[in-house]
J.: 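The following block contains the structure, expressed as structure tokens.
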Number of protein chains: 2
Amino acid sequence: MKYPESFLKLVEDFKKFPGIGKKTAERLALFTISTLDKEQVSSFSEHLNEAKENITHCPICGTLMEHHCPICEDPNRDKNTIMVVSDDKDVFVLERTPIYHGLYHVLGGAIDFSRGIGPEDLNIESLFQRLNDVDEIILSLAGTVEGELTAQYLKELLKHKGIKVSRIAYGIPVGADLSFADDHTLELALNNRQKYE
Amino acid sequence: MKYPESFLKLVEDFKKFPGIGKKTAERLALFTISTLDKEQVSSFSEHLNEAKENITHCPICGTLMEHHCPICEDPNRDKNTIMVVSDDKDVFVLERTPIYHGLYHVLGGAIDFSRGIGPEDLNIESLFQRLNDVDEIILSLAGTVEGELTAQYLKELLKHKGIKVSRIAYGIPVGADLSFADDHTLELALNNRQKYE
């Protein structure tokens, strides 16, 4: 017996998501059909399109935003500090703890020559256009080879700008993504940040 | 900082699915926004509605179907054997192995007095309307208290009908759902089914 066509399409869609294999995708598709009611499915379907259409990247810092950037347009944030992260999701991860109150800059990745990603592919130029009035740049990049390389590269570029450059401390497990760190590790890592020499 | 409103809605939707907690839901929502392109999201959104609208339960056996029941309307299936399962998803699980060629009957649950589910809440009456020309009923219910109770109940009802009643063998791990069994266990469990005395 073959699965119904509409069911197979849905399984394929679920399989596109990270960490979802064939079996899980089938379970999610069956749950959609059998357990969720029509209204729940149709609002899920609407929310997918809404989120994709309404959420954009802030043209200044690259944070995901809807209508207004929640960081750049917040008058209470410290405009003299910019934290550099590689991914838009890292901003949300860091904002879970109320410890950081400055601005962000999302690079959109990290230097990775093995995959052909050089500095020119990242939002580095736009960072340099934001350096007026900035006292400190905090590099919060992953503890991976690529994150380290990107941090070194930025440190070199920023060396002669008269700005303090610091790096989030190695509370982040080496080799792991920011998003897997728990809140406490993030807080320690931020408190113990060290001036980049 | 708060997550954008559309993003939060999407996270809530993902959290409704089994096995998806807050952190995973956030990862899936971020993946939707950042990695999938607009076309992929809109086709996912369409497929959700399509599957929910087009897929129904077969009025005879209760299998999930789109337009036609792939089991009841297949002339090659053995019409003299009916396998009774509790959930519509169990049919798909069993159909993964090409070992069974009879018909199915989906009960839509199992007797569970602690949750107020009695025999009258299951598709048992419709099973009894299908017994003409049937030689064997195979009870493929989960190895749980509820599955066992339901099997006993059906066995008692079927005792005087002159039909062989068998039960899928305990290859299924006791206490587990059918959908977690691997193909080989399913095959063994089916081959070793025993006449219900």
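Just so we're on the same page: letters track the sequence lines, and every chain starts at 1.
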J.: Shared ILVMFWY cluster between B/Leu94 and B/Ile137, side chains joined below 4.5 angstrom?
T.: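 Both belong to a single hydrophobic cluster.
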J.: Just verifying a value: how many Å separate A/Ser6 OG and B/Glu53 CD, rounded to the nearest 0.5 Å?
T.: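 The distance works out to 10.0 Å.
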J.: State yes or no: do A/Leu64 and B/Leu10 share one hydrophobic cluster built from I, L, V, M, F, W and Y residues joined by side-chain heavy-atom distances below 4.5 Å, directly or via other members?
T.: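 They do not share one cluster, since no chain of ILVMFWY contacts under 4.5 Å joins A/Leu64 to B/Leu10.
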J.: Within residues 43-50 of chain A, which residues come under 4.5 Å of chain B, heavy atom to heavy atom?
T.: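 Expected list: A/Ser43, A/Phe44, A/Ser45, A/His47, A/Leu48, A/Asn49, A/Glu50.
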J.: Quick check for you: among B/Thr24, B/Ile20, B/Ile55, B/Asn54, which has the greatest number of heavy-atom pairs under 4.5 Å with chain A?
T.: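 Most heavy-atom pairs within the cutoff with chain A belong to B/Ile55.
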J.: Out of curiosity, does A/Val11 fall in the hydrophobic cluster containing B/Phe17 (side-chain heavy atoms, cut-off under 4.5 Å, transitive links)?
T.: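 Unlinked, B/Phe17 and A/Val11 end up in two clusters.
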J.: In Å, rounded to the nearest 0.5 Å, how long is the span from CD of A/Glu66 to CZ of B/Phe7?
T.: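 So the gap between those two atoms works out to 11.0 Å.
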J.: Tell me whether B/Ile82 shares a hydrophobic cluster with B/Met65, the cluster being built from Ile, Leu, Val, Met, Phe, Trp, Tyr side chains joined at under 4.5 Å.
T.: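 Not linked; separate clusters.
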J.: Taking everything shown except B/Glu120 itself, do over 12 heavy atoms lie less than 6.0 Å from its CD?
T.: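 Yes.
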J.: Heavy-atom distance under 4.5 Å to chain B: side chain of A/Glu12, backbone, both or neither?
T.: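 When you check distances to chain B, no heavy atom of A/Glu12 falls under 4.5 Å.
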J.: Take a 6.0 Å sphere around CD1 of A/Ile60 and say whether it holds more than 12 heavy atoms from other residues, nucleotides or ligands.
T.: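 No, because the 6.0 Å sphere around CD1 of A/Ile60 holds 12 heavy atoms or fewer from other groups.
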J.: Is there any residue in residues 28-41 of chain A with a non-hydrogen atom under 4.5 Å from a non-hydrogen atom of chain B, and which ones are they?
T.: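 Near chain B, by residue number: A/Leu28, A/Leu30, A/Phe31, A/Thr32, A/Ile33, A/Ser34, A/Leu36, A/Asp37, A/Lys38, A/Gln40, A/Val41.
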J.: Is there any residue in residues 101-110 of chain B with a non-hydrogen atom under 4.5 Å from a non-hydrogen atom of chain A, and which ones are they?
T.: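 The residues closer than 4.5 Å to chain A amount to none at all.
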J.: Can you sort out the partners of B/Asp112 under side chain to side chain donor-acceptor pair (under 3.5 Å), two or more places apart, ordered by chain and number?
T.: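 B/Ser114.
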J.: For B/Lys22, is the NZ atom crowded, meaning more than 12 foreign heavy atoms sit under 6.0 Å from it?
T.: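 Counting other residues, nucleotides and ligands, NZ of B/Lys22 stays at 12 neighbours or fewer.
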J.: May I ask whether A/Leu122 and A/Val91 are part of the same hydrophobic cluster, defined by side-chain heavy atoms of I, L, V, M, F, W, Y residues being less than 4.5 angstrom apart, directly or through others?
T.: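 Yes; tracing contacts between hydrophobic side chains, which count when under 4.5 Å, links both residues.
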